[in-house]
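For reference, the structure discussed in these notes is given below.
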Protein chains: 2
Amino acid sequence: MDIRIAADTAARTPGRPREFEIEQALDKAIIVFSAKGYHGTSISDLKEAMGLTAGSLYKAFKDKKAIFLASFDRYKQVRNAVLDAELQKAVDGRDKVLRMLRVYSDASLGEAGRRGCLVVGTAVELAAYDTEAAERVQASMSRTEDLLQALVRQGQADGSIRSSMDAADMARLLLSVVYGLRVIGKTGPTPEHASSIVDAAMKLLD
Amino acid sequence: MDIRIAADTAARTPGRPREFEIEQALDKAIIVFSAKGYHGTSISDLKEAMGLTAGSLYKAFKDKKAIFLASFDRYKQVRNAVLDAELQKAVDGRDKVLRMLRVYSDASLGEAGRRGCLVVGTAVELAAYDTEAAERVQASMSRTEDLLQALVRQGQADGSIRSSMDAADMARLLLSVVYGLRVIGKTGPTPEHASSIVDAAMKLLD
DNA sequence: CCTATTCGGAAACGATCGTTTCCTATTAGG
DNA sequence: CCTAATAGGAAACGATCGTTTCCGAATAGG
């Protein structure tokens, strides 16, 4: 069985092999889509940013929409990895919430902040009339809300977060705060500005 | 002097008079721009929504960008009027904050919520590379933040809001909450969902 | 009444959009 | 070594984009 698996992983697809890494190309696409939005990004923009010709693009992806959705999925994967790594450093529930807020507030600063969040961007630009985009946004938002709620519950269980407020309500408010941070980040707040929002939000946990 | 003013207001411009009201047309444009964004809205979309031909559009506005900016300004004017009317009903500072949050939360529900906020949409889609759009977004956000801060200070002065937290910090957090509400509204939260966010935010004032 | 000016509307403009085609290059398998 | 299959790349596709032009209709001022 090991042999068969080894053979499978070693197996190459027939024909000329691709000369670029899909994920690296998507990382470039994410930057363009985040800054200019879906409709504001042309295939020419993507060709330049990803260093590919139209032929290679359309062999790797069905159409522009597929490039966008793949970028969205890759974005979620990368951001979730950053978040998970940060959460592992936390000592209790309250610390986890704090670190999560800081991940969002850091992402809202400077160049990355002006570039923006692909989830927020997709929600604002596409969710109203594109079902596929709306589903991914909805799933992403639910996931983030659920995570926040779990962190709050953990903090309430370990005593680091007050239990006098419903965890679900607290999570929804914090969800609103993090997306708001991403919106405010588009016009470039100062680090002090962003961290004051995080600090104020944390007072809710007392 | 009264006579001169009356003559001025009565003065008509030469040539054939315009057959539509600019502000009514802009109200239609706002709906389209909010739902589909700037780049997602074509001149054909605007023609259909506003009930105009390209000729009339380009005689009333320099170009597509000018239509958008005029829509943005009109949107701000309309929303500010709604907000001001609501604030006048309030009995104290805390009540003003509550009513302001409710104005945003109401706007985030149902069809209007899915359509979205033109300020948030412009921030997300255009602010990163369009200076003119970024300036208006920045001005709008600052104005909203300043208003929130003034309301909080008023509440702290009349004793309806706790003074143990800095008004500027509180205002920034609430600013983040209202923009977050608008983002969440794009995927259609339930009224209970939205009002639970408002209720949770109000607990910050205790 | 005549002239100047603006509007409404249809048609047409070049530019750019997203996408496809076609040819060559490069690989795997028999 | 030959065949099948895929990738890279340039050129070209029809469609749609934002915008302009042109013409008849409607108004104000002299």
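Each chain gets a letter, A, B and so on, in the order its sequence line appears, and its residues count up from 1.
- Between the side chain of B/E125 and the backbone N or O of B/H39 there is at least one donor-acceptor pair closer than 3.5 Å.
- Listed for the A/K186 side chain is a donor-acceptor partner under 3.5 Å among the backbone atoms of B/V124.
- With B/Y104 as the aromatic partner, B/R102 does not meet the cation-pi criteria of under 6.0 angstrom to the ring centre and within 45 degrees of the ring axis.
- B/L101 contributes atom CG, which lies 14.5 Å from atom NZ of B/K96 (distance to the nearest 0.5 angstrom).
- Using the six-membered ring where Trp is involved, B/Y38 and B/F33 have ring planes that are parallel, under 30° apart on the 30 and 60° scheme.
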Exercise. Taking protein heavy atoms under 4.0 Å as touching, what does nucleotides 9-16 of chain C look like 5' to 3' if B marks base contact, S marks sugar-phosphate-only contact and - marks none?
Worked result: B-------

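- In this structure, the CZ atom of A/F20 is 17 Å from the P atom of C/dT26, given to the nearest Å.
- Side chain of A/R16, nearest nucleotide from C/dT19, D/dA5, C/dA25: C/dA25.
- You'll find that the side chain of B/Y58 is closest to D/dT20, out of C/dT27, D/dT20, D/dA5.
- For A/K64 and A/Y58, the positive end is not near the middle of the six-membered ring at less than 6.0 Å and at most 45° from its axis.
- A distance-only check finds no donor-acceptor pair linking the side chain of A/D146 to the backbone of A/R143 [under 3.5 Å].
- One atom, CD of B/E48, and another, C1' of D/dC17, lie 16 Å apart when rounded to the nearest Å.
- A donor-acceptor pair is defined here as one N or O able to donate and one able to accept, closer than 3.5 Å; no such pair exists between the side chain of B/R153 and the backbone of B/L148.
- Against DNA chain D, the stretch residues 60-70 of chain B makes heavy-atom approaches under 4.0 Å through B/D63, B/K64.
- With distances taken from any side-chain atom of B/S44 to the nucleotides D/dC17, D/dT27, C/dC17, the minimum falls on D/dC17.
- Atom CG in A/L57 sits about 14 Å away from atom C1' in D/dA10, given to the nearest Å.
- Going from atom CD1 of A/I43 over to atom C1' of D/dG9 covers 16 Å, rounded to whole Å.
- Here C/dG8 is the nucleotide among D/dC17, C/dG8, D/dA28 with the atom lying nearest to any side-chain atom of B/R18.
- Residue-environment remark: NZ (A/K28) stays at or below the threshold of 12 foreign heavy atoms within 6.0 Å.
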